[in-house]
Amino acid sequence: MQFQPMYYDGELFLPKIELNMTSNQSIGIITDLKRKQLLMNQLVDHSQFYLFRAQQSEYMRLTVEELITFLIKVTERNERVALLMDYFALKEERKVKIKDLSSSKRMYVTLLRVYFAHQPTLVLEEPYFYLEEQDRRQFKRILDDLLKEKQVLILTSNLEDAIISCDAIYRLNEFGFHQLDIRDSEEDKQEVQKQDEANITLQKISTKRNDKVILFNPPEIDFIESIDGSILVHVGGDNYDCALTLTELEQRLLNFGFFRCHRSYIVNLQKVREIITWTKNSYSLRLNTGKDAVVPLSRSKLHELKALLNI
Amino acid sequence: MSISLKRARAIFVKDYKEFSRNYAVSIMLLFPICLALILRSAPPSLLHGAIGIVLNTSFVILPCFVQACLIAEEKERNTLRSLMMTPATTMDVLIGKSTLVFVMSAIVLTISTYILGYEPASIWAFVAAIILSIILYTAAGTICGLFSQTVLEASLSIIPVAVIFTGAPGGAFLVDDYPILKVLEYVPSSQLVYLLGIPNIGFTTGDLLKPLLIILAWTVVLTIVSVVLYQRRLKDE
């Protein structure tokens with residue numbers, strides 16, 4: 001399966017993707033709404049791909065049994081309705097009209113359309129999103145049976161949904177297309193938890209914005225400034241209020257490579273790209289964050305900084 | 001393109017069940033019958049006019065509106081797109097739907113004609129004209145359905161059809177003031193009125209054949225346009 005690259009506003013929006021899909025394999029791609037649409041729009045070949053879109057709805061006035069009968073006939077399969085109803089575990093809902101089903105059951109019945117697809121590849125958008133626990137299990141069972149003959153591609157924005165039934169999971173976002181190693185990440189998490197227990201001393205910097213408390217890991221922070229007595233923590237181009245004083249922050253962040261470069265500034269040295277010399281007595285530091293951020297540097301601190309950086 | 005009667009029948013049965021339970025649309029079946037009952041008391045001299053009004057209004061409401069609703073509803077729920085990914089071809093879908101509309105229209109119109117007590121000059125010419133007209137208006141309904149995304153839009157989109165086709169015989173009265181309206185004489189509904197008005201005695205085959213041929217030409221053109229548009233529109237989506 002191949003996807004052509006797409007550009008949007010002059011930036012690469014969708015990289016070129018080549019998926020080597022073997023039979024009996026299900027692949028999950030975690031991505032956002034727009035990229036999901038773009039991916040599906042490229043799969044136009046109706047003889048190869050069966051597309052199940054999230055907006056798919058059903059013939060509301062038919063009963064479940066009538067719908068299954070219709071699907072069998074229209075796809076010219078030689079299966080018995082009663083047996084299939086058993087297989088789908090829909091015996092109790094046999095005579096219920098689709099509009100009277102619960103929303104989870106209705107979605108489940110709608111999803112059954114993929115069972116009747118004759119194409120070798122099934123592409124499903126958000127299959128598990130509206131399903132309750134029991135229907136999820138049922139649909140996963142059917143999907144697993146389908147996998148014996150077909151390949152499945154699941155497009156979702158939710159990692160958990162992808163984990164339910166995918167052998168390989170990829171993440172597609174503005175940073176490109178990368179495979180997630182599910183097993184490794186679980187082990188990593190456990191290690192991180194152990195570390196947290198070991199030195200439980202407060203590492204996070206707590207800030208406030210719109211009455212919400214937001215905690216940042218020190219490496220995330222670009223720089224901290226003090227304006228009119230209030231402390232602003234700059235992260236990724238945005239700023240957040242902090243209740244601590246600059247002196248307290250300086251002590252706490254010293255071990256993380258932060259540096260008090262000015263009476264009212266602390267900067268994350270990991271993010272400094274350039275030391276700008278304006279005149280003999282005035283200097284600035286340019287950061288390599290997304291937005292062009294420049295932090296003043298006092299003359300008295302210049303020597304300290306040079307010593308720190310061994311220059 | 002392969003046509004499978006089995007698949008077309010499955011679509012026919014499915015649409016019949018859906019339609020019969022959709023009371024908002026299926027109640028339209030009663031409209032021609034009610035209209036016939038009201039106009040039944042018209043004096044015999046006006047009977048030709050009455051049958052013309054009943055048929056020409058019913059054609060827009062029955063085959064045209066119902067077909068537009070059937071297609072628009074499938075589009076609204078994305079089931080048409082899903083049908084395109086099954087072995088069912090465009091023709092299967094269209095034949096299945098059109099047959100249902102045709103059968104219903106034929107039954108209802110027969111009942112209305114019977115209620116009115118109209119006796120045509122030639123029963124064969126009359127039946128042929130009705131059959132051709134039903135196919136013609138079904139094709140018009142298909143086009144309306146393709147240009148609307150929801151059932152609501154479909155019910156509005158048949159208004160142009162109603163104005164042009166049902167209104168054409170009425171427009172003929174204005175011919176003296178606006179000579180350009182002479183074109184309206186060639187609209188199938190005007191031809192149908194003309195055919196209905198042929199007296200029971202003293203007509204020639206040529207009298208019958210001319211309106212029939214004009215209606216046939218309309219039917220063939222609209223049917224081809226609707227099938228081509230159908231395939232074109234569905235590929236875009």
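Throughout, protein chains are lettered first and strands after them, A, B, ... in sequence-line order, and every chain is numbered starting at 1. Just so it is clear, the values below take in all heavy atoms, side chains as well, and ignore hydrogens, waters and symmetry mates.
With a 4.5 Å cut-off on non-hydrogen atoms, A/Leu51 touches chain B through its backbone and its side chain both. A/Phe49 touches chain B through its backbone: at least one of N, CA, C or O sits under 4.5 Å from a heavy atom, while the side chain does not. Looking at B/Glu76, neither its backbone nor its side chain comes within 4.5 Å of chain A, counting heavy atoms on both sides.
In terms of non-hydrogen atom pairs under 4.5 Å with chain B, the most contact-rich of A/Glu76, A/Gln55, A/Lys73 is A/Glu76. Options A/Gln56, A/His46, A/Gln119 differ in how many heavy-atom pairs under 4.5 Å they form with chain B, and the most are formed by A/Gln56. Heavy-atom pairs under 4.5 Å with chain A peak, among B/Asp92, B/Leu83, B/Thr79, at B/Thr79.
Remark: the A/Tyr170 side chain and the A/Thr31 side chain contain no N/O donor-acceptor pair separated by less than 3.5 Å.
The existence of a salt bridge linking B/Glu73 and A/Arg61 is confirmed by a sub-4.0 Å separation between a basic side-chain nitrogen and an acidic carboxylate oxygen. Under 4.0 Å is where a charged nitrogen must lie from a carboxylate oxygen, and between A/Glu66 and A/Lys95 no such pair does. The pair A/Lys99-A/Glu58 does not count as a salt bridge, with every side-chain nitrogen at least 4.0 angstrom from each carboxylate oxygen.
More than 12 heavy atoms of other residues, nucleotides or ligands shown are found within 6.0 angstrom of CD on A/Glu174. The environment of B/Lys6 atom NZ is dense: over 12 non-hydrogen atoms of other residues, nucleotides or ligands sit within 6.0 angstrom. Environment of CD in A/Gln179: crowded, with over 12 heavy atoms of neighbouring residues, nucleotides or ligands closer than 6.0 Å.
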Given ring-ring contact (aromatic ring centres under 6.0 Å, His included), test B/Trp218 with B/Phe165 step by step and report yes or no. CA-CA 12 Å; B/Trp218 273 89; B/Phe165 287 81; 5.7 Å; yes
Go through the steps for A/Ser47 and A/Asp45 under the test side-chain hydrogen bond (donor to acceptor under 3.5 Å, both in side chains), then give the verdict. CA-CA 5 Å; A/Ser47 61; A/Asp45 186 358; 2.8 Å; yes
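Under the 6.0 Å distance and 45° angle rule, B/Arg77 does not count as a cation-pi partner of A/Tyr59.
By the 30° and 60° cut-offs, the orientation of the rings of A/Tyr87 relative to A/Tyr115 is tilted.
Between B/Tyr230 and B/Thr142, some side-chain heavy-atom pair lies under the 4.5 Å cut-off.
Applying a 4.5 Å heavy-atom cutoff, the residues of residues 10-20 of chain B that approach chain A are B/Ala10, B/Ile11, B/Lys14, B/Lys17, B/Glu18. The stretch residues 121-141 of chain A places none of its residues near chain B, where near means some heavy atom under 4.5 Å from a heavy atom of that chain.
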